[in-house]
2 protein chains.
Amino acid sequence: MKIDPDNKADLSAQIAEAIRDAIVSGQLIVDERLPSEAELADHFAVSRPTVREALKRLAAQSLIRTQRGAFGGAFVNRLSYPEAYGQQITTATLLLSMNAISFDVACEARYALERACTPLATLRRTPDTLATMRAEIHRQGHPGLTDESFCASDVAFHRALVDSAGNPVLSYQLAGAVEAMQPLMNMITFTARSREAIVGFHTRIADALSSSDAEAAQTALTELEAYTLTLGRDVMAARAPK
Amino acid sequence: MKIDPDNKADLSAQIAEAIRDAIVSGQLIVDERLPSEAELADHFAVSRPTVREALKRLAAQSLIRTQRGAFGGAFVNRLSYPEAYGQQITTATLLLSMNAISFDVACEARYALERACTPLATLRRTPDTLATMRAEIHRQGHPGLTDESFCASDVAFHRALVDSAGNPVLSYQLAGAVEAMQPLMNMITFTARSREAIVGFHTRIADALSSSDAEAAQTALTELEAYTLTLGRDVMAARAPK
DNA sequence: TTACATTTAAATGTCTGACAATTTAAACGC
DNA sequence: GCGTTTAAATTGTCAGACATTTAAATGTAA
């Protein structure tokens with residue numbers, strides 16, 4: 001069931017992989033209890049610290065959870081949407097920050113994905129998601145808002161747009177793309193004029209969703225993308241020349 | 001720089017979080033060497049096994065890599081696209097398999113995301129990606145292909161389609177969506193007739209990309225989605241009635 | 001002087017054994 | 001029968017030791 005050849009990789013990595021395979025292949029099902037650390041150590045013929053390192057690796061990926069005490073132990077964890085969101089966001093954020101992704105590329109990806117949602121969103125938008133979008137638009141019009149708060153509200157607006165599509169898999173996928181952009185967006189200084197323009201686009205998008213006009217929503221999103229791109233390029237241009 | 005309050009969570013989890021925060025906030029930059037395990041243990045006032053568990057957690061997320069020997073240690077890892085792909089795929093696969101995502105929802109998300117790529121793909125498709133798509137189409141026509149191989153070729157075709165968009169962030173995002181569908185697709189039995197139909201759709205998509213006809217590509221994708229949906233529903237209907 | 005072999009030191013990987021903390025189930029007493 | 005106590009099982013943490021690996025420092029010979 002779980003064996004362990006004598007290759008040269010870390011034992012804890014090998015053991016973690018063996019258990020991970022057992023989980024993804026369905027040999028271990030959700031909420032099933034793994035053998036105790038002592039039993040695993042015996043099974044794999046290693047020491048308990050080595051087993052523990054393997055289990056911590058799995059815990060870091062939310063594949064298992066541990067419980068102390070009698071009849072405690074490590075249990076196969078049901079990967080919930082919030083956990084998956086979280087991993088998705090941290091991975092996407094690191095990928096962008098560590099690989100010198102240009103503003104243009106990130107922006108293009110984000111809006112392409114959002115446009116993928118709009119046809120569904122026009123069909124399925126609920127009063128709830130529309131209200132969220134309207135509320136964020138209203139907040140964005142407040143003059144005293146810091147740039148960072150404006151950005152956060154922008155993210156909230158776009159997440160509501162994505163959630164409007166009513167498809168949890170899409171929401172999960174796009175959470176990373178939208179949130180990972182935030183550090184890049186935070187570098188932008190939003191003038192009163194640019195804020196006004198963005199609020200205008202947001203209003204058009206919300207109106208289009210209200211009236212189930214998919215084409216208008218697409219157009220507004222595309223124009224917002226172009227506008228965001230000019231804002232970003234201005235920032236990059238101002239930072240680059242040294 | 002990294003402190004540690006006296007709350008009740010696992011020490012190794014707290015330490016891992018402290019180091020992770022230092023990485024994402026930029027205090028620790030790519031390829032920078034972390035203090036040795038002994039130094040970290042001293043700094044956080046814990047034992048070395050506890051530090052090691054924390055480091056293994058970070059290693060499981062590809063945030064650090066370790067190197068043995070003198071002048072070895074733990075280094076901040078540049079999260080590469082392949083690593084990010086891998087995490088994305090395992091997370092998406094688990095999310096789908098553990099949360100009873102219906103075939104319909106997964107299928108809808110996948111094709112919505114692929115449609116997001118087509119406008120860009122018609123602009124940027126290269127001879128290389130087109131050749132890959134044609135090659136996979138040709139393979140799919142081979143009669144001796146097992147269902148599983150047919151599925152794998154299907155995934156390869158769609159990955160080539162996504163890669164045609166020439167946006168690494170999009171490719172990364174969609175890798176999970178496309179690959180995670182594979183276990184669901186593997187449950188489908190592809191008859192000669194359904195294979196012929198799918199090859200027809202694929203050919204239309206490749207042709208549309210060749211001639212830079214975005215609208216035709218979108219239409220073909222939408223029809224392929226509808227067709228895949230009927231195939232999937234037949235399988236589900238055949239499995240459900242007990 | 002240069003090239004190669006050897007030594008050495010620093011670091012991670014692993015083991016052993018122990019104790020602390022926590023939690024549940026069973027035993028006990030009323 | 002019910003509340004309390006005890007016991008057992010399990011994870012969390014620690015200390016110290018040894019093995020292994022790696023690269024720099026050192027020594028040696030051509």
Side-chain angles (χ1 to χ4, degrees), chain A residues 2-20 22-23 28 30-77, chain B residues 2-20 22-23 28 30-77:
Chain A
K2 318 155 194 166
I3 41 176
D4 208 16
D6 43 6
N7 65 32
K8 302 210 290 185
D10 290 358
L11 290 176
S12 69
Q14 290 181 52
I15 293 168
E17 197 176 349
I19 299 176
R20 176 163 41 238
I23 293 176
L28 293 168
V30 167
D31 291 337
E32 184 172 343
R33 182 182 174 279
L34 273 66
S36 72
E37 295 175 354
E39 288 169 325
L40 286 172
D42 197 50
H43 176 78
F44 288 112
V46 298
S47 67
R48 196 158 80 91
T50 303
V51 167
R52 283 183 60 79
E53 288 178 10
L55 294 178
K56 294 315 164 198
R57 295 177 116 110
L58 299 175
Q61 298 178 300
S62 303
L63 281 170
I64 61 170
R65 62 178 185 281
T66 54
Q67 208 171 2
R68 294 177 69 170
F71 291 75
F75 297 83
V76 178
N77 194 34
Chain B
K2 320 154 194 166
I3 41 175
D4 208 14
D6 43 6
N7 64 30
K8 301 211 288 184
D10 290 358
L11 289 176
S12 69
Q14 291 180 52
I15 293 169
E17 197 175 351
I19 299 177
R20 176 161 42 238
I23 293 175
L28 293 168
V30 167
D31 291 335
E32 183 171 343
R33 182 180 174 281
L34 273 67
S36 72
E37 296 175 353
E39 289 169 326
L40 286 171
D42 198 51
H43 176 79
F44 288 113
V46 298
S47 67
R48 194 158 84 91
T50 303
V51 167
R52 282 183 60 79
E53 287 178 10
L55 293 179
K56 294 314 166 198
R57 295 178 117 109
L58 300 175
Q61 299 179 299
S62 302
L63 281 169
I64 62 170
R65 63 179 184 279
T66 55
Q67 208 171 3
R68 294 178 71 170
F71 291 74
F75 298 82
V76 178
N77 192 36

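These values consider heavy atoms only, across backbone and side chains, with no hydrogens, waters or symmetry-generated copies.
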[X] side-chain N/O to [N] phosphate OP1/OP2 under 4.0 Å:
X: Thr50(B); N: dC14(D); answer: yes
X: Thr66(A); N: dT10(D); answer: no
X: Arg52(B); N: dT12(C); answer: no

What integer distance in Å separates [X]:[atom1] from [N]:[atom2]?
X: Leu40(A); N: dG12(D); atom1: CG; atom2: P; answer: 13 Å
X: Asp42(A); N: dT10(D); atom1: CG; atom2: P; answer: 13 Å
X: Glu53(B); N: dT13(D); atom1: CD; atom2: P; answer: 7 Å
X: Phe71(B); N: dT12(C); atom1: CZ; atom2: P; answer: 13 Å
X: Arg65(A); N: dG12(D); atom1: CZ; atom2: P; answer: 13 Å
X: Arg57(A); N: dG13(C); atom1: CZ; atom2: C1'; answer: 11 Å
X: Leu11(A); N: dT12(C); atom1: CG; atom2: P; answer: 17 Å
X: Ile15(A); N: dG13(C); atom1: CD1; atom2: P; answer: 14 Å

- Arg33(B) near the nucleic acid: base, sugar-phosphate alone, or nothing, with a heavy-atom cut-off under 4.0 Å? sugar-phosphate
- Query: What distance separates Glu37(A) CD from Arg48(A) CZ, expressed to the nearest 0.5 Å?
  - Reply: 5.0 Å
- Item | Val46(B) side chain, from C-beta outward: closest of dG13(C), dC14(D), dT14(C) | dC14(D)
- Check every atom of dA9(D), dA11(C), dT14(C) against the side chain of Ala70(A) and return the nucleotide holding the closest atom. dA9(D)
- Message: Using the side-chain contact (heavy atoms from CB on, under 4.5 Å) definition, which of the options Ile64(A), Ile15(A), Leu58(A) pairs with Arg20(A)?
- Response: Leu58(A)
- Task: Give me the one residue out of Leu28(B), Val30(B), Asn77(B) that meets side-chain contact (heavy atoms from CB on, under 4.5 Å) with Ile23(B).
- Result: Leu28(B)
- Message: Under 3.5 Å, is there any donor-acceptor pair linking the side chain of Arg48(B) to the base of dT13(D)?
- Response: no
- Is any side-chain N or O of Arg68(A) under 3.5 Å from a base N or O of dT23(C), one able to act as donor and the other as acceptor? no
- Task: Identify, between Ala45(A) and Glu37(B), the residue whose nearest nucleotide on DNA chain C lies closer to the 5' end.
- Result: Glu37(B)
- Query: Quick check: does any side chain N or O of Arg65(B) sit under 3.5 Å from a backbone N or O of Val76(B), one acting as donor and the other as acceptor?
  - Reply: yes
- Could you give me the CA-CA distance, side-chain angles and deciding distance for Leu34(A) and Leu55(A), then say whether side chain to side chain contact (heavy atoms under 4.5 Å, CB included) is met? CA-CA 10 Å; Leu34(A) 273 66; Leu55(A) 294 178; 4.2 Å; yes
